[in-house]
Amino acid sequence: MEKILIVEDEAKLARFMELELTHEGYEVFIAEDGRKGIEMFFEKEPDIILLDLMLPGLNGLEVCRRIRKESDIPIIMLTAKGETMDKVMGLDSGADDYMTKPFAIEELLARLRVIARHKLSRQASTPKNIITIKALEIDTDKRSVKYDGNEIELTKREYELLIYLAENKNIVISREQILNNVWGYDYIGETNVVDVYVRYLRTKIDDKYNVKLIHTIRGVGYFIKDED
Ligand code: CA
């Protein structure tokens, strides 16, 4: 079921859209101001956002910009009549579309169908995301890793570490960079966690298949080598 987040401070309008969209089979969440909207975006992971422009506190443009930093989720801006300048700014800020209030629900449903069609055609045309390094094959769509066709079971963290090294293949990466990117800036703990996980990966890939993919540069960091 597609999830729609409505960020709208006019309770009546929000409730009306909720009823109609629920009736159409969408799962609907309502946030009554901008801050709540951003919170619910992270919490509910919606598929589409209907975002009012004039909101108390954080306005719609700011909400749109902040969400755009995180995601390319379709955003339809809801503007009041006559906010022509704002319409343009709304699209500049990364909104996909806008609608002027008041609008007929049929118009909103039509826009949602357009978004759904775009999404389908995007999915159909997306090439498979496969990273290949020698006989190692990582399919990032399926999150599967194979060596010479043999499936390798990795934990979530091992997989993320491998992806990070593979996406930066042939480039030496410091422990700190790895920590920041794989464990996150807020990681508190032993920095040798990186060495420990590199060892796990070596056991599962290098040692098992008798190859040398993961290289150590003493005192600097690690890298995956694609060339001989
Ligand atoms: Ca408003």
Side-chain angles (χ1 to χ4, degrees), residues 1-126 129 140-141 143 156 160 180-187:
M1 196 193 297
E2 294 264 288
K3 293 187 275 189
I4 296 189
L5 172 61
I6 299 173
V7 189
E8 170 62 77
D9 60 319
E10 284 169 58
K12 262 191 186 163
L13 176 60
R15 179 78 187 127
F16 168 70
M17 289 193 285
E18 181 189 27
L19 283 175
E20 294 289 338
L21 293 172
T22 306
H23 181 73
E24 291 294 320
Y26 292 99
E27 190 178 357
V28 179
F29 306 98
I30 296 175
E32 61 276 6
D33 63 50
R35 253 170 239 292
K36 196 88 201 292
I38 291 176
E39 254 174 58
M40 288 181 85
F41 160 73
F42 285 108
E43 190 187 312
K44 305 293 185 188
E45 299 181 340
D47 301 290
I48 298 166
I49 299 178
L50 304 179
L51 178 59
D52 182 30
L53 183 64
M54 298 300 284
L55 289 165
L58 214 55
N59 72 38
L61 289 178
E62 192 50 37
V63 173
C64 189
R65 273 190 217 109
R66 293 197 192 178
I67 288 175
R68 266 295 163 267
K69 282 187 192 158
E70 305 292 331
S71 151
D72 59 359
I73 181 175
I75 298 177
I76 300 180
M77 285 282 222
L78 308 178
T79 68
K81 222 175 182 169
E83 292 172 331
T84 325
M85 260 311 285
D86 296 330
K87 278 178 191 171
V88 179
M89 284 165 63
L91 294 176
D92 271 357
S93 70
D96 297 84
D97 203 353
Y98 66 86
M99 294 184 62
T100 308
K101 294 190 268 188
F103 48 81
I105 198 72
E106 288 74 23
E107 191 188 346
L108 175 59
L109 295 175
R111 305 279 181 106
L112 293 175
R113 280 193 294 273
V114 169
I115 286 174
R117 269 202 306 275
H118 280 173
K119 194 173 161 189
L120 275 181
S121 67
R122 253 206 321 273
Q123 276 168 356
S125 62
T126 307
N129 293 308
T140 57
D141 289 337
R143 285 183 80 92
K156 185 170 176 284
E160 283 166 4
N180 289 341
N181 283 282
V182 179
W183 274 264
Y185 286 94
D186 50 356
Y187 175 77

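Each residue takes its place number in the sequence, starting with 1. Fair warning: this is a prediction, and the values are worked out from it, not measured in the lab. Atoms within each ligand, like the ligands themselves, are counted from 1 in listed order.
- Between D33 and V7, the shortest heavy-atom distance links the atoms O-CG1, 3.6 Å.
- Here R35 pairs with nothing under the side chain to side chain donor-acceptor pair (under 3.5 Å) rule; sequence neighbours left out.
- Nearest heavy-atom pair, L55 versus L51, reported as atom, atom and distance to 0.1 Å: CD1-CD1, 4.0 Å.
- Only protein N, O or S atoms were scored, and 3 of them lie under 3.0 Å from the Ca ion (ligand 1).
- Evaluation of the salt bridge (Lys or Arg N to Asp or Glu O under 4.0 Å) rule for R143 yields no partner, not counting sequence neighbours.
- Here K36 does not pair with D9 in a salt bridge; the nearest charged N to carboxylate O distance is not below 4.0 Å.
- Residues passing the side chain to side chain donor-acceptor pair (under 3.5 Å) test with E62, sequence neighbours excluded: R65, R66.
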